[in-house]
Every structure is written in C-alpha cells, then in structure tokens.
Amino acid sequence: ARFANTAALAFVERALALADPADHETRWRAHLVRERHLIHTTDHAAHEADLQALADLAERLDDREKRTVVAMRRAATLRGAGDYAGAEAADRQGLALAQPLEQSALAVLLYGGLADSLIGAGQYEAAREVALQGLQLARPRGDRAGESVLVNALGLIAMERGDLTVAAGHFEDSLLITREVGDPKAEGLRLNNLGSVYPRLGDYARARSHLDRGLQLARRTGHRPTEAVVLLNTASVAHLQGDDTAALALAHAAFEAAASSGQRELEAYARLVAGHAELGLGRHVAAREAYTAARDMLRSLTVRSQQVFDPISGLARVALAEGRLDLALAEVELMMAHMADGGRFDGTEEPLLLPLTCWQVLHAAGDPRAADVLAAAHKELQAQAARITDPIAQRGFLQQVPHHREIVAAWERSMPAHAAAVPAAR
C-alpha cells in the first residue's frame with residue numbers, strides 16, 4: 001500500500017517459501033500480489049508463471065470467483081501487449097464467469113477492462129455501450145473506484161472522437177473520484193489523460209500542470225507505465241510549444257521508462273515523438289530513423305491498424321523537408337488509400353495532422369487531389385470546433401494548436417472567396 005515494491009516482493013518470496021503446498025488460499029494471495037507487480041516489468045516469463053500458478057490454484061480450489069480474477073488478469077496482460085482482440089475475449093470470458101452480475105463486485109472491473117479493450121481496438125460505440133452498462137451496475141453498488149474507471153473510459157471515447165471538452169469533463173470527474181477514494185496510482189493515470197486532452201485544445205499550461213503532478217505521483221508509487229506515458233505526453237506538449245530540445249530529452253526518458261516496464265506500444269510512441277522533435281530541430285536523418293522505428297514497432301504489434309499512419313505521416317514530412325517529393329508521395333499514397341477505403345484517423349495521436357500532411361505533399365506535387373483533402377480536413381476541424389461551446393477554448397483549439405492553425409491558414413490562402421464564410425472563433 002505504500003508502494004515499497006522491492007520489500008513487498010521479498011515478503012511474497014518468504015510467504016511462498018513458508019506456505020504449506022496444500023495451503024492454496026495463502027499461495028493464491030501471494031502469487032496475486034506478485035503477478036500484479038510483474039505485469040509492469042519486462043520479466044514476461046516470471047509474470048506468465050505467476051499467472052499460470054493462479055489459474056492452477058483456481059482450478060484446484062474449484063473457485064468461480066478466482067477463475068474470474070484469472071480471466072481479468074489475462075485480459076490486462078493482453079491489453080498491455082496490444083492484443084485487444086485477445087483481451088476482449090478474456091474480458092468476456094470473465095463476465096460470463098461473473099454471472100449473476102448483481103452478486104459480483106468483479107463485474108464492474110470487468111466492464112471497465114472490456115471498455116478499455118474495445119477502445120484499444122477502435123470500437124468506440126461498442127465501448128461506450130459497455131461503459132454505460134458498467135456504470136448502471138457500479139453506481140447503485142456505491143462502487144466509486146469502478147465508477148471512476150468507467151467515466152474515464154467515456155472520456156477516452158470522447159477524446160478519440162474529437163469531442164474534446166466532453167472528454168475533459170469526464171476526465172475531471174474521474175479525477176475527483178480517484179482523489180475521493182484515495183487511489184494515487186489511478187490519480188496519476190487520470191492526470192495523464194487530462195494532460196493528453198488539453199494540448200489538443202491548445203491549453204498547454206493546464207496540460208503541463210496536470211502532467212507535472214501526474215509524474216510526481218507515478219514516481220512516488222513506482223508505477224513505471226504511468227511514468228512512461230506522462231513523460232511521453234509532456235514531450236508532445238513541449239514539441240507543440242516549439243521546444244524540441246526538451247521534447248527530445250523527454251521522449252528518450254519516456255522510451256526508457258516504457259522499455260523497463262515492457263510497454264511496447266509506448267516505446268513506439270516515444271520513438272514517434274522523438275521523430276517529431278528531430279524533425280523540428282532539422283535533423284532529418286535522425287528523424288527518419290525514429291519514425292521508421294516507430295512504424296516498424298507498431299506494425300509488429302496487434303494494435304489499431306490506423307496507428308501506423310502517425311509515423312508514416314512523419315516520414316512523408318521528412319521527405320518533403322528534404323525535397324524528395326517522390327518519397328513523400330509514396331508515404332502519402334498509403335494514407336490516401338486508407339481514406340479512399342473509407343478509413344478514418346480516429347485513434348491516431350494527431351488525427352488532423354495526417355490529412356494536413358497529405359495536403360502539403362499533394363499541393364507541392366501539383367496533384368489535383370490536394371484541394372479535396374484540404375477541404376475535408378478543414379470541414380472536420382470546423383466540426384470539432386463547433387462542438388466546443390466555450391469561446392476561449394474554441395479560439396485556443398483553432399489558433400494555438402500548430403497543425404489546426406496551418407489548416408485554417410491553408411484553407412484561407414487556397415479559397416479566398418470562401419474565407420468570409422468560415423466561422424470565426426468566438
């Protein structure tokens with residue numbers, strides 16, 4: 001409870017050494033404590049051994065609740081590895097075991113896990129339905145910790161769909177609950193999510209305030225995955241503010257924290273942000289290497305297919321900066337094919353930066369498709385802006401986020417006759 005992880009593991013080892021081989025309950029408790037720690041390390045063999053031990057003990061005890069816990073822990077493991085389809089299957093297995101739901105406190109946690117698995121797979125509407133079902137169970141039970149997880153899931157869904165102020169509201173509500181129940185580890189994650197959504201609104205000061213507090217909590221609790229993602233989002237904020245030297249250092253620190261906790265997807269995104277920073281510093285070779293590494297890592301993981309377009313977009317920008325238009329077009333054609341097939345960029349890190357990159361390259365090549373790409377990007381930007389009711393927040397969204405500002409400027413330059421029809425930021 002004090003996050004003295006090394007000491008806790010030592011006590012687990014002593015407990016397992018002292019426990020009678022037939023004392024399945026004690027051995028279950030010890031393995032569960034250790035499994036919850038090892039899931040955040042790179043010692044995958046040791047973690048899998050504990051997970052298997054838990055599964056064996058659940059069978060020996062013929063305990064339905066323990067089988068449910070094993071399914072839930074298996075789902076968490078698969079989510080951490082980026083296997084969202086496998087995680088969804090494990091979550092659903094756990095929910096089936098947790099019947100009848102009214103009698104299982106685990107059901108709320110399983111709904112939260114299933115929502116996260118569906119979000120990871122890009123199935124936002126299904127995730128929303130699951131989160132709302134979970135809330136219908138959590139709130140009558142007075143399960144505030146479970147409610148926080150599910151409200152946070154609704155925030156993630158809203159953020160991926162571009163409903164940024166709605167997402168921020170959900171994250172703020174979830175943060176208040178975690179503070180109420182006294183869960184510093186969860187609080188760090190909620191602060192990170194606020195530090196992820198506010199930069200999309202151009203509110204960098206508020207983002208940094210949340211991220212700085214989140215980093216303090218992650219380090220106090222020794223939770224390296226949270227430390228990795230907080231450092232990653234802080235690096236992104238520094239890049240958006242034009243401080244690429246700081247962004248690069250933070251991206252490298254995020255990579256180290258992600259690698260030490262076995263977070264392959266975060267490793268890939270740390271390389272992505274390093275690519276942004278290297279490009280911003282004019283170091284094209286280093287930027288290409290970072291983007292290529294991010295692309296290859298994402299392709300090797302079972303993640304949302306559209307996520308790979310973040311580094312592909314970066315490679316196109318590097319080639320364009322070098323004047324290698326043929327290489328830039330080759331990367332852009334991959335994104336154009338995705339859009340032609342009805343694909344969207346929801347779930348990528350910067351959904352509006354990708355079509356802007358397509359326009360920049362196509363425009364430079366004199367490709368007639370450029371006008372339609374810019375029009376679609378501008379339409380989506382304005383649609384998102386229209387959902388922001390606060391005038392100051394709407395202005396920040398349009399003017400403070402660099403690629404949003406570039407879309408508006410490009411639209412006004414290319415469509416002067418329509419400039420007067422563009423809704424002004426209130």
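Numbering starts at 1 and runs along the sequence shown.
No more than 12 heavy atoms of other residues, nucleotides or ligands shown are found within 6.0 angstrom of CZ on Arg128. Within 6.0 Å of the CD atom in Glu65, the count of heavy atoms belonging to other residues, nucleotides or ligands does not exceed 12. For Arg29, the CZ atom sits in a loose shell: 12 or fewer heavy atoms of surrounding residues, nucleotides or ligands are nearer than 6.0 Å. Summarising the local packing, NE2 of His24 is surrounded by more than 12 heavy atoms from other residues, nucleotides or ligands at distances under 6.0 Å. Surrounding CZ of Arg14 are at most 12 heavy atoms belonging to other residues, nucleotides or ligands under 6.0 Å away.
A donor-acceptor contact under 3.5 angstrom links the side chains of Glu380 and Gln384, judged on distance only. Between the side chains of Asp56 and Gln52, at least one donor-acceptor pair of N or O atoms lies under 3.5 Å.
Under a 3.5 Å cut-off, the side chain of Asp310 and the backbone N or O of Glu349 do form a donor-acceptor pair. The backbone N or O of Tyr84 sits nowhere less than 3.5 Å from a side-chain atom of Ser117 that would complete a donor-acceptor pair. Without hydrogens or angle criteria, Thr41 side chain to Leu38 main chain gives a donor-acceptor distance under 3.5 Å. A donor-acceptor contact shorter than 3.5 Å links the side chain of Thr234 to the backbone of Val230. Proximity of a side-chain donor or acceptor of Ser196 to a complementary backbone N or O of Asn192 within less than 3.5 Å is not detected. Counting only distance, with no hydrogens or angles, the side chain of Asp163 and the backbone of Val166 share no donor-acceptor pair below 3.5 Å. Panel note: side chain Thr292, backbone Glu289; no donor-acceptor pair is recorded below 3.5 Å. With Tyr204 contributing its side chain and Gln400 its backbone, the two residues share a donor-acceptor pair below 3.5 Å. Judged purely by atom type and a 3.5 angstrom limit, Glu160 uses its side chain to pair as donor or acceptor with the backbone of Gly347. Listed for the Arg264 side chain is no donor-acceptor partner under 3.5 Å among the backbone atoms of Ala81.
Using a 30° and 60° split on the angle between ring planes, His40 and His223 fall in the perpendicular class, above 60°. Ring geometry, His378 versus Trp411: the interplanar angle falls under 30°, so the pair is classed parallel (tilted spans 30 to 60°).
Of the options Glu331, Met339, His338, a side chain to side chain contact (heavy atoms under 4.5 Å, CB included) to Phe309 is made by His338 and by none of the others. With Leu191 as the partner, the side chain to side chain contact (heavy atoms under 4.5 Å, CB included) test is satisfied by one option alone out of Asn233, Leu211, Thr226, Leu217: Leu217. For the side chain to side chain donor-acceptor pair (under 3.5 Å) with His47, the qualifying choice from Arg73, Arg36, Glu35, His37 is Glu35, the only one to do so.
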Problem set entry | Glu267/Arg271 under salt bridge (charged side-chain N to carboxylate O under 4.0 Å, His left out): CA gap, chis, key distance, verdict | CA-CA 6 Å; Glu267 287 183 53; Arg271 300 306 296 141; over 6 Å; no
For this session: Show your working on side chain to side chain contact (heavy atoms under 4.5 Å, CB included) between Arg324 and Val318 and close with a plain yes or no.
Result: CA-CA 9 Å; Arg324 303 169 73 179; Val318 172; over 6 Å; no
Problem set entry | Working for salt bridge (charged side-chain N to carboxylate O under 4.0 Å, His left out), residues Arg34 and Glu13 | CA-CA 9 Å; Arg34 191 167 63 185; Glu13 295 290 346; 2.8 Å; yes
For this session: Could you walk me through whether Val108 and Leu150 pass side chain to side chain contact (heavy atoms under 4.5 Å, CB included), step by step?
Result: CA-CA 8 Å; Val108 174; Leu150 293 157; 3.9 Å; yes
Exercise. Could you go step by step and tell me if Arg387 and Leu164 meet the side chain to side chain contact (heavy atoms under 4.5 Å, CB included) rule?
Worked result: CA-CA 8 Å; Arg387 296 199 289 270; Leu164 301 179; over 6 Å; no
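Taken from CG in Leu114 to CD in Gln133, the straight-line distance is 8.5 Å, to the nearest 0.5 Å. Between atom NE2 of residue His363 and atom CG of residue Leu356 there is a gap of 11.5 Å, rounded to the nearest 0.5 Å. Note that CG of Leu54 is 6.5 Å distant from CG of Leu57, once rounded to the nearest 0.5 Å. The CD atom of Glu278 sits 9.5 Å away from atom OH of Tyr291, with the distance rounded to the nearest 0.5 Å. Distance check, rounded to the nearest 0.5 Å: OH of Tyr269 to CG of Leu298 gives 5.0 Å. Remark: Ile119 CD1 to Gln123 CD distance equals 11.0 Å, nearest 0.5 Å.
A salt bridge links Lys66 with Glu25: the closest approach of a Lys/Arg side-chain nitrogen to an acidic carboxylate oxygen falls below 4.0 angstrom. Using a 4.0 Å cut-off between a side-chain N of Lys or Arg and a carboxylate O of Asp or Glu, Arg74 and Glu48 qualify as a salt bridge. Under the 4.0 Å criterion applied to side-chain N and carboxylate O atoms, Arg190 and Glu187 are not assigned as salt-bridge partners. Salt bridge Arg161/Glu125: present, at least one basic N to carboxylate O contact under 4.0 Å.
Within the 4.5 Å cutoff, no side-chain heavy atoms of Glu227 are placed close to those of Ser261. Side-chain contact between Asn152 and Leu189: absent, with no pair of heavy atoms (C-beta onward) separated by less than 4.5 Å. You'll find the side chain of Phe11 stays beyond 4.5 Å of the side chain of Val33, heavy atoms only. Side chains of Met297 and Glu265 form no contact here, defined as non-hydrogen atoms less than 4.5 Å apart. Using a 4.5 Å heavy-atom threshold, the side chains of Leu279 and His284 count as touching. Leu362 is listed as a side-chain neighbour of Met336, based on a closest heavy-atom distance under 4.5 Å. Between Pro351 and Arg200 the shortest side-chain heavy-atom distance falls below 4.5 Å. The closest side-chain heavy-atom distance from Arg317 to His276 is below 4.5 Å.
Among all heavy-atom pairs drawn from Ser236 and Val273, the shortest one is OG-CG2, 3.5 Å. Looking at every heavy atom in both residues, Lys185 comes nearest to Thr221 through N-CG2, 4.3 Å. When every heavy atom of Gly280 is checked against every heavy atom of Asp244, the shortest pair comes out as CA-OD2, 3.3 Å. Nearest heavy-atom pair across Ala377 and Leu352 is O-CD2, 3.9 Å. The shortest heavy-atom contact between Gln394 and Ala385 is NE2-O, 2.8 Å. Of all the heavy atoms in Ser148 and Thr178, the pair that sits closest is OG-CG2, 3.1 Å.
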